[in-house]
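Here the structure is laid out as structure tokens; the discussion comes afterwards.
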Amino acid sequence: YIENKHKNGKFMYVIDKDGNIIIGTRDQKNYNRMPHPTLIGGENPEVLSAGMVEIRGGKIYKIDNASGHFKPGAGSLDISQKFFEQLPEKVFSKDFKGYEDYSIKK
């Protein structure tokens, strides 16, 4: 479970350059002041991918690559999928909806 079996909501995530998946929260009051880089910090954070993960009942329900800061390009969702698929199956909802692409088209 992510936190507990009653946890629901959308949470931002980043996959850092070491392949760590870091999931965090944004409080609604400061939503625009807390971009994805706040999850890993540093002056110029580098990530492999970033987006939002939807949690229902404490389990991963859906994953996307929506990040206004990092503006994911083609292939970023594939990177996310590669790393999320390394997690144990039990962390995913039995109704897992998969991966939704929000790539910036160039």
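Note that this is a predicted model, so its numbers are computed, not measured.
In this structure, CE in M12 is found 7.5 Å from CE in M52, a value given to the nearest 0.5 Å. Atoms CD1 and CD1, from I79 and I15 in turn, are 8.0 Å apart once rounded to the nearest 0.5 Å. For the atom pair NZ of K62 and CD of E54, the computed distance is 5.0 Å after rounding to the nearest 0.5 Å.
Taking the side chain as every heavy atom from C-beta outward, I22 and D16 approach each other to under 4.5 Å. Counting heavy atoms from C-beta outward, I60 and I55 have side chains that approach closer than 4.5 Å. Contact check for D64 versus D101: no side-chain heavy atoms found under the 4.5 Å cut-off. At a threshold of 4.5 Å between non-hydrogen side-chain atoms, the residues K59 and F92 do not count as touching. I63 is listed as a side-chain neighbour of Y13, based on a closest heavy-atom distance under 4.5 Å. Side-chain contact between D95 and Y61 is present, with heavy atoms from C-beta onward closer than 4.5 Å.
Across S76 and N65, no two heavy atoms sit closer than the pair OG-ND2, 2.9 Å.
Formation of a donor-acceptor pair under 3.5 Å by the S49 side chain with backbone atoms of L77 is not found in this model. A donor-acceptor pair under 3.5 Å links the side-chain atoms of N8 to the main chain of G57, judged by distance alone.
Enclosure of atom CD in E89 is not indicated, since only 12 or fewer non-hydrogen atoms of other residues, nucleotides or ligands lie within 6.0 angstrom.
Judged by distance alone, the side chains of S67 and Y102 never bring a donor and an acceptor atom under 3.5 Å apart.
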